[in-house]
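Everything below concerns the one structure shown next.
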Amino acid sequence: MAKRELGKAFEPADAEKRLYDYWLKNHFFHAQDESEAEAFSIVIPPPNVTGMLHMGHALNNTLQDIIIRFKRMQGYNTLWMPGMDHAGIATQNVVEQQLMKEGISRHDLGREKFIARVWEWKEKYGGVIINQLKRLGCSCDWERERFTMDEGLSHAVREVFVRLYNEGMIYQGDYIVNWCPRCHTAISDLEVEFKQDQSFLWNIRYPFADGEGEIVVATTRPETMLGDTAVAVHPDDKRYKDKIGKYVILPLMNKKIPIIADEYVTMDFGSGAVKITPASDPNDFAMAQRHNLEIIIVIDGKGFINEKGGVYKGQDRYEARKNVIADLEKGNYMVGTEPYAHNVGQCYRCKTDIEPMVSKQWFVKIKPLAKQAIAAVVKDKTKIIPKTWEATYFDWMNNIRDWCISRQLWWGHRIPVWYCDGCGKIIVATVDPDKCPECGGVSLRQDEDVLDTWFSSALWPFSTLGWPDQTKALKTFYPTSLLITGFDILFFWVARMMMMGIYVMKDVPFQHVYLHALVRDEKGEKMSKSKGNSIDPLLMIDQYGTDAFRFTLSAYTAQGRDVRLSPERIEGYKFFVNKIWNASKLTFANLEDFDESAPVSVPDSLPDKWIKTKLNKAIEDITLGLNEYRFNDASAAVYRFIWHELCDWYLELSKPAFYGKASPEEKQAAQRTLREVYEIMLQLLHPFMPFLSEELWQTLKGSDEHSIMVSKFPVVKTQWEDKAAESEMEMIMEVITSIRNIRGEMRIAPSQKLKVLISAADELNKQTIEKNNSYIINLANLESLTVEMNMIEPKGVATAVTGATKIFVPLAGAVDISGEKTRLEKELGKVSKDLEQCSKKLANRDFCAKAAPEIIQKEQEKLKDFQKKFNTLEGALKKLKGLSV
RNA sequence: AGGCAAGUAGCUCAGGGGGAGAGCGCCAUCCUGACGCGGUGGAUGUCCAGGGUUCAAAUCCCUGCUUGCCUACCA
């Protein structure tokens, strides 16, 4: 076998680049459109084209890559579909800011040239994140990379829009929407963030139109009164019952407005009367519809008072507020103010206060779509994991409101609707019409608006696979197997994909949805640029290597829990990488002269049998963990096996076979096991640490002819199950640990070799220990080990008990009586507590009558063990006390 | 205001009806031939509180407290 050498330490920076290029060159990430193998597919949550990799992306994509690599190794025809989102508002903002530096606005450029500029920007600066995903090791099928604005996806968008329109699922109407005065566009309900604002409640007097008196209304937005068209009270409110139908004078505007009755009004809030501004408040708008009230828009799209606002025309909304208040005071209309905390909606993009505004927008009728999307989850066609999110999903879906899909932007999919100047016909088509089908006129104007970015993302699971064409890829990979995403876009994205997938494809877009938590800092706070607590994933990769970083994310992804990240943790797993590297150095040294073709001449040693059962357990745990998306459990199984079983025990136990006086045949057998176990260990590690495992794999194989990423994922080998060997080895390990314990507790120098005596309980016990005495001698560092049955406890020893075995460690030189006494008393204390608890249980009549037989038996065995241990320790202690008297 | 989740070692968290676990940190000790990014040993817990179910509760149920998040938004 070729000589293999590893450097002093793993060099992530070098290996990562080299191996990723190697994978790409060999097209290992590429999925087949058609294959004998069963398909497994995931679509990436497309990052914004303007995006930079943050911790959320890092977590999300690491988890996807772990599953994808796992499934690929299991032999599935595995597709991870990558791509990006055009991110309407964000991208337009970026390019507008660029223009601003040049002193021009998008309006100076005009629509067409502006869009050209955006594309230019995209080609030059967009998609930085794609390269960042590559640094994470993501094994996406880059040959299929898509963009929501590319030709195929745009085609899909038009197709779906037209279909929805023709089926009466899309309508246009004047409705109150959330308007961002800075972005100059409507945004959906989901895109509004509420923030608490310490403000005031202003109480304003509205005098009755006829005769004496007044009605007092309270408001948080006095400036909107300019557009008031009614005052509402509760129909059952005795105070106002006789006023309903009468009129009040709207101060400052000097206008008569009616008093109406509506159950929406809360009687015990403020005066029980509320001013109604249909154009500036969603609830007021709804009431206006119920009562046929006039709708007067007084605030324009930039947040300024328009000509309907009288003398306040031209003032921005905050300035107008001040002036309105001043004028109300001047006119003695102000009754008073009180401090008031309330929530103000803000644009999620630019944090500008939302201005609810009435305008013409396009909507999707969502209820019928939601109904089916709910049913799919109820029927388990799509499983949401962890299940607790199902309730949230159902709740939102049940209370869903129509989706406003038009945006007053330029960057995006322009709405495929044309208006004929000649006859006023509305044309909705997938291809640009050149004349009106009604009147033949050629003067057609396309709708100015574009679609919400999420409209195209909602089609992602099938549009990326080529729909509306019936491609082979679509047939093979839809419905996709799994979606992994953060719970924060459950509504934005997951729910909408569900609705669109079912509507268009007549089938759910994915079988499983795994929702992971958010990444927070070590204090549990959300990472954000403004707080300055965000950790840059790329910096972590530079510092600790991708493998350590990925492993950390996986290890801390417990279902339903936030990931609290700190650099120290990543460093800890860098140590793990180092440990694996060093174990590999030892392994390669041990395997240097291994002849694979030599016949097997001796049976496996006890450690060989033991490590194989442990490896089986690891395979089982890791496979189960990944199948159930319990990333923390799977990672813990990897860590435990490699560090605590392979390194701590097996590599140490097998050292004598390599360095000691073992026969060539015994060495050969040890090499065979080591070689096999090591190889499987690398494969188990691969999904989590792709680079390290590949590097070691190729070193082991002596070439890059085969990649670990397309090797077969290990399965449990039933011929390795060996319960007897497992418990035998563990008994020996316990003896070793007990001796080490005495060493530590009694402060016996590690360099001092000990002559240990063991009193075996029976012949079998004696034979087992004698057969395996070399392991004990080596690992406990003994000079000699004497085993006898029913040995009388010698003087001047420290005593330990494990199961049926008594261990006596002679104390060198002056016997440290008080030290041993303390140690024994401590042990005795522990055992007597166990003993008491156990015997109490067995003395309980109800326990014996009702508990399961195997539980009772177990308790009885425990009692025996405790009793034996207690007796031995107590005897030792008595003897010691006798000595000290 | 409703909903969800969580409260377990100093910290971060697993576990989930029958002997309290891990990692990190801490203490002691060790240049044993892969690794000090290491080895070996050790200490540490009213499993949030109160009630209930059960032979048996950290685990299941109820109540409360605390924390986090989500949804809705009332002038």
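These numbers come from the heavy atoms of this one structure, side chains and all, not from hydrogens, waters or symmetry mates. Nothing here was measured: the structure is a model prediction, and the numbers come from that model.
Atom-to-atom distance recorded for C647(A):SG and I642(A):CD1 is 7.5 Å, nearest 0.5 angstrom. A distance of 8.0 Å separates CG of L811(A) from CD1 of I742(A), quoted to the nearest 0.5 Å. If you take CG on D268(A) and NE2 on H234(A), they are separated by 10.0 Å, rounding to the nearest 0.5 Å. How far CD of E734(A) is from CD1 of I807(A): 8.5 Å, rounded to the nearest 0.5 Å.
Screening residues 270-288 of chain A for salt bridge (Lys or Arg N to Asp or Glu O under 4.0 Å), with sequence neighbours left out, gives D228(A)-K275(A).
Across all strands shown, G2(B) forms a Watson-Crick or G-U wobble pair, both distances under 3.5 Å, with C70(B). Remark: G10(B) base-pairs with C24(B); criterion is Watson-Crick or G-U wobble with both hydrogen-bond distances under 3.5 Å. Across every strand in view, G38(B) sits in a pair with C30(B) that passes the Watson-Crick or G-U test at under 3.5 angstrom.
Between E568(A) atom CD and C13(B) atom P there is a gap of 14 Å when expressed in whole angstrom units. Following rounding to the nearest Å, R743(A) (CZ) and U40(B) (P) show an atom-to-atom distance of 13 Å. In this structure, I736(A) places its CD1 atom 14 Å from C1' of G39(B), rounding to the nearest Å. Protein atom CD of E193(A) is 14 Å distant from nucleotide atom C1' of U71(B), rounded to whole Å. Look at NZ on K850(A): it is 15 Å from C1' on G17(B), rounded to the nearest Å. To the nearest angstrom, P of A20(B) lies 13 Å from NZ of K830(A). Rounded to whole Å, the distance from CZ on F576(A) to C1' on G38(B) is 15 Å. With rounding to whole Å, D488(A) atom CG is found 9 Å from C70(B) atom P.
In this view, S584(A) and Y678(A) satisfy the side chain to side chain donor-acceptor pair (under 3.5 Å) rule, not counting sequence neighbours. Listed by chain and residue number, Y514(A) satisfy the ring pair (Phe, Tyr, Trp, His ring centres under 6.0 Å) test with F631(A) (two or more places apart in sequence, or in another chain). Evaluation of the side chain to side chain donor-acceptor pair (under 3.5 Å) rule for R496(A) yields no partner, not counting sequence neighbours. Scored by the ring pair (Phe, Tyr, Trp, His ring centres under 6.0 Å) test, F688(A) finds F551(A) as partners (sequence neighbours excluded). Not a single ring pair (Phe, Tyr, Trp, His ring centres under 6.0 Å) links F285(A) to another residue, sequence neighbours left out.
Taking only side-chain atoms of E745(A), from C-beta outward, the nucleotide of G42(B), C55(B), A75(B) with the closest atom is G42(B). Closest to the side chain of F487(A), from the set C70(B), C55(B), A14(B), is C70(B). Distance from the side chain of F575(A) is smallest for G38(B) among the nucleotides G38(B), C70(B), C74(B). Side-chain proximity of F269(A) to A75(B), G18(B), C73(B): nearest is A75(B).
Among all heavy-atom pairs drawn from G7(A) and W581(A), the shortest one is O-NE1, 2.8 Å. Of all heavy-atom pairs between I400(A) and A370(A), the closest is CG2-CB, 3.9 Å. Of all the heavy atoms in V265(A) and G272(A), the pair that sits closest is CG1-O, 3.3 Å. Residues I570(A) and M540(A) share a closest heavy-atom pair of CD1-SD, 3.5 Å. In terms of heavy atoms, L646(A) sits closest to V677(A) at CD1-CG1, 3.9 Å.
Here R630(A) lies out of heavy-atom contact (under 4.0 Å) with every strand. Residue G545(A) is out of contact with every strand shown, counting any heavy-atom pair closer than 4.0 Å. Contacts of A852(A) with the nucleic acid, taken as non-hydrogen atoms under 4.0 Å apart, include base atoms.
G38(B) and G17(B) have their P atoms separated by 36 Å, given to the nearest Å. Annotation: G52(B) and G45(B) have their C1' atoms spaced 25 Å apart (nearest Å). C65(B) and A9(B) have their C1' atoms separated by 23 Å, with the value rounded to a whole Å. Rounded to whole Å, the P atom of C55(B) lies 24 Å from the corresponding atom of G16(B). Nucleotides C74(B) and U54(B) place their P atoms 50 Å apart, quoted to the nearest Å. Separating the P atom of A28(B) from that of U66(B) is a span of 42 Å, rounded to the nearest Å. Spacing between G3(B) and C27(B) at atom P, rounded to whole Å, works out to 48 Å. Rounded to a whole angstrom, the distance from the C1' atom of A57(B) to that of G15(B) is 14 Å.
Surrounding CZ of R239(A) are more than 12 heavy atoms belonging to other residues, nucleotides or ligands, all under 6.0 Å away.
Scanning atom types as modelled, no donor and acceptor separated by under 3.5 angstrom connect the side chain of N578(A) and the base of C35(B).
Annotation: proximity of residues 636-646 of chain A to RNA chain B (heavy atom, distance under 4.0 Å) is found for Y639(A), W643(A), H644(A), numbered in ascending order. Of the residues in residues 221-235 of chain A, none has a non-hydrogen atom less than 4.0 angstrom from any atom of RNA chain B. Residues from residues 259-268 of chain A with heavy atoms under 4.0 angstrom of RNA chain B, sorted by number: Y264(A), V265(A), T266(A). Applying a 4.0 Å cut-off to non-hydrogen atoms, the residues of residues 836-847 of chain A that approach RNA chain B are K841(A), N844(A), D846(A), F847(A), listed by residue number.
For the 3.5 Å distance criterion, the side chains of E338(A) and N203(A) qualify, holding a donor opposite an acceptor. Between the side chains of S635(A) and S554(A), at least one donor N or O lies within less than 3.5 Å of an accepting N or O. Using modelled atom types and a 3.5 Å distance limit, the side chains of N178(A) and E355(A) yield no donor-acceptor pair. For the residue pair D262(A) and H291(A), a side-chain donor N or O sits within less than 3.5 Å of a side-chain acceptor on the partner.
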Exercise. In the 5'-to-3' direction, what one-character label does each nucleotide of nucleotides 28-34 of chain B receive under the scheme B = base within less than 4.0 Å of a protein heavy atom, S = sugar-phosphate only, - = no such atom?
Worked result: S-S--BB

Nucleotide N/O of nucleotides 2-6 of chain B paired with protein N/O under 3.5 Å:
residue, atom, partner, partner atom, Å
C4(B), O2', T388(A), OG1, 3.4
A6(B), O3', R561(A), NH2, 3.2

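Aromatic pair Y393(A)/W389(A): ring centres not closer than 6.0 Å.
Of the residues near RNA chain B, T219(A) and I855(A), the one whose nearest nucleotide (by heavy atom distance) lies more toward the 5' end is I855(A).
Here K574(A) does not reach the OP1 or OP2 of C24(B): none of its side-chain N or O atoms lies under 4.0 Å away.
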